[in-house]
Each structure stands twice: as structure tokens, then as C-alpha cells.
J.: 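Before I ask anything, here is the structure I am working with.
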Amino acid sequence: MAPTGEVKNEILSSALELIGNTPLLALDRLWTGPGRILAKCEFMNPGASIKDRSSLYMIQNARKTGELQPGGPVLEVTSGNQGCGIAVVCAVLGHPATLTMSKGNSVQRAIHMEALGANCVRVPQVEGTYGNVTLADVKEAEAEGLRLVAETGAFYVNQFNNEMNSASHYFHTGPEIWRQTGHRVDAFVTTVGTAGTFAGTSKFLKEKSPKTLCYVVEPEGSEPIKGQPITKPLHLLQGSGYGCVPNLFEFDTMDGTVTVTDEESTYYKKLVGEKEGLYVGYTSGANVAAAVKLLKSGKLPEDAWVVTVLYDSGLKYTPVPEELT
């Protein structure tokens, strides 16, 4: 607390200072034990998802190395959250941004990006349906993105292959969790899209405590990390479970996988709202479902603390009339 009479300046200079340092919340109403579920509230970032972290880190690095010049155009392929994060960063730093995204991803994400001054190119689906995006749909959005990069010369962020994606979580998300828990993390569990969050955070936590167990959450029927054939490419976890092992993924920090069904993801998404007062997305529901499964499995001590992530706001998923999709 500032001394009496001294005015403490708490005015931030830009939205970029709102990124990161998100609260770690105990979900004690949803899960009363044994053990405890601690959730990183990433929906509280200005772009309403964890992807703000990697967006800022990747763009800042590109500016530092000269790959991105002041005022230069930026392009990224996205399922929505990364695009929203890129849009936040580019709005503040003065870069025109173009994001290519499958039409299968919720239209709210496109609305969000364009509200921040970005151009969102919605690419028709080739395999999935609205709300269910497959790897083939992502590849189609990627092809359009690469075509635009060749046409415009824009800096391509390339989140699936950009090591600064993982680095953002190694240098920020992991240390925040370690500090907020008082250096106690029995297990860390999360879904995987680009694998940046898992790779960077698990690496940091394992270095701090090799006893920390790190688990990957995969949707039932799309479990390549577990080594299973893809039997259900269509699922509710937009932005993850694409049916491939991402290039940024690191097996040496993984202790196992947890399978979660669409029904379980939906149930715990709803429960987070009704018990904890938080409206989150399906990947958040899947993460909480996986944390509960781990605590019920007997693989952890009865008093274990399991840390997971509430990735984004449920407002990015709300169904809309078909004519708007």
C-alpha cells in the first residue's frame, strides 16, 4: 500500500499491458475433493483467450529481429483465438492484420477480429460442419493464408511452427503458475492445438519440479498423441484436437493423456458457469473434465493440486442463426 498522501500511478499505457498475469482460481465449488483444481483464467486477457500471450510474444520477436518492419502487414491462419490476439497486438502497434479462418469456426470470432480493425477472410469448409472443424478445413484456411502472403508480402506469424509460441508460455505462463501456487504443482493438464501452451508450460514446470505430472487432453476419437487412429475428426473442441501431432509438441515432458468426450466437455463447461459463475468455452470444459478424471483416477495423491486452463470466453461459441454463418 502506498504511504498516506502519495498517489500511486496505476494507469496503463496500452492494452498490451493487460496481457498475462491472469488469476489462478480454485474451483472449490465445482470440485470439493479429494484434491483441488486450480484454473488459470485466460479468458481475462484483452482478446478473451490465452492466445494473446503468444500473439504478443511472436509479434514482438518479429519486430526485434526485423522480420516485421514498423507498420508492416501481418497475416495469420487461425481458428479464431490466435486471430483475436493478433488483432489486439496489431491494433496497438499499428500493423494492418489479415486473418484467414475456416467458416466452421464461430462467426463471433470474425466479428471480434474485425471490431479490432483486422480483416478476417472466412474460408469455406471442405470436410467439417459449422462448429466442427477438421484438419482438412484448417489446411484449406492455411492454403488461402499462404496465397495471400505470397501476394502481399505480409509477415506470416505461423503459430504452428513458430517457437516463440512455446517460448511465451515457458517465460510467462509457467512462471506465473509456479509463483501463484507457492511452488506447488502436482499435475498440469491441458488440451493441445498448436501445443505451444503445453510445450512451454510443461517444460518450465518440469524444470522446477521433475515430480510434476503433465497430461495432454484429447477429444475422444481424435487422439494422435495417444497413438490412436482418428475415428472422429469432428468434435466440439475448436482450436484443438486436429488429428495430428503438432510440430511444437514435446513428448519428453508428457506423462500421459486424458480422453474427454464432447458430452463431458459440454457438461463441465456448463458446470463451470453454474458453480463458479464463469462462462467459458468447450476446451475449458474439457480441461476441467480431465482434471476431475485425474483426481478420480488414483494416479495422484489425495491432496493433489491439479492446475489447468480456462482458455477463452464462452461468448466466442454462442450459437447464432444459420443465415449469419
J.: Output all residues satisfying side chain to side chain donor-acceptor pair (under 3.5 Å) with K203, sequence neighbours left out; order by chain, then residue number.
T.: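 Result, side chain to side chain donor-acceptor pair (under 3.5 Å) vs K203: none returned.
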J.: Within the distance-only criterion (no hydrogens, no angle test), does the side chain of N162 pair as donor or acceptor with the backbone N or O of M164 below 3.5 angstrom?
T.: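 Yes.
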J.: Applying salt bridge (Lys or Arg N to Asp or Glu O under 4.0 Å), can you list everything that pairs with D252, at least two apart in sequence or on another chain?
T.: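 Salt bridge (Lys or Arg N to Asp or Glu O under 4.0 Å) check on D252 returns nothing, list empty.
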J.: Which pairs, with at least one residue in residues 12-27 and sequence neighbours excluded, count as a side-chain hydrogen bond (donor to acceptor under 3.5 Å, both in side chains)?
T.: S13-E17, T22-K40, T22-E42, T22-R53
J.: Verify the distance criterion only: is there a donor paired with an acceptor across the side chains of E163 and Y170 at less than 3.5 Å?
T.: no
J.: Any side-chain donor paired with an acceptor under 3.5 Å for T259 and E223?
T.: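 Yes, side-chain donor-acceptor contact under 3.5 Å.
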J.: If only side-chain N and O atoms count, and only distance matters, is there a donor-acceptor pair under 3.5 Å linking Q159 with T194?
T.: no
J.: What residue pairs, at least two apart or across chains, pass side-chain hydrogen bond (donor to acceptor under 3.5 Å, both in side chains) with a residue in residues 66-76?
T.: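 The answer is T65-E67.
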J.: Between F198 and F188, how do the two ring planes meet: parallel, tilted or perpendicular, split at 30° and 60°?
T.: parallel
J.: Could you check whether atom CZ of R29 has more than 12 heavy atoms from other residues, nucleotides or ligands sitting under 6.0 Å from it?
T.: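 Not more than 12 within 6.0 Å, no.
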J.: Would you please name every residue forming a salt bridge (Lys or Arg N to Asp or Glu O under 4.0 Å) with K275, sequence neighbours left out?
T.: none
J.: Cut-off 3.5 Å, side chains only: do Q238 and N105 have a donor facing an acceptor?
T.: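 A pair is found: one side chain offers a donor N or O, the other an acceptor, under 3.5 Å apart.
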J.: Under a 3.5 Å cutoff, is there a donor and acceptor pairing between the side chains of S202 and E250?
T.: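 Short answer, no.
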J.: For the pair Y57 and F171, name the ring-plane relationship: parallel under 30°, tilted 30 to 60°, perpendicular over 60°.
T.: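 Parallel, since the angle between the ring planes stays under 30°.
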J.: Could you go through residues 297-308 and list every donor-acceptor pair under 3.5 Å that involves a side-chain atom there, pairing it with any protein atom two or more places apart or in another chain?
T.:
| unit_1 | atom_1 | unit_2 | atom_2 | d |
| --- | --- | --- | --- | --- |
| S297 | OG | L294 | O | 2.6 |
| S297 | OG | K299 | N | 3.1 |
| T308 | OG1 | V189 | O | 2.8 |

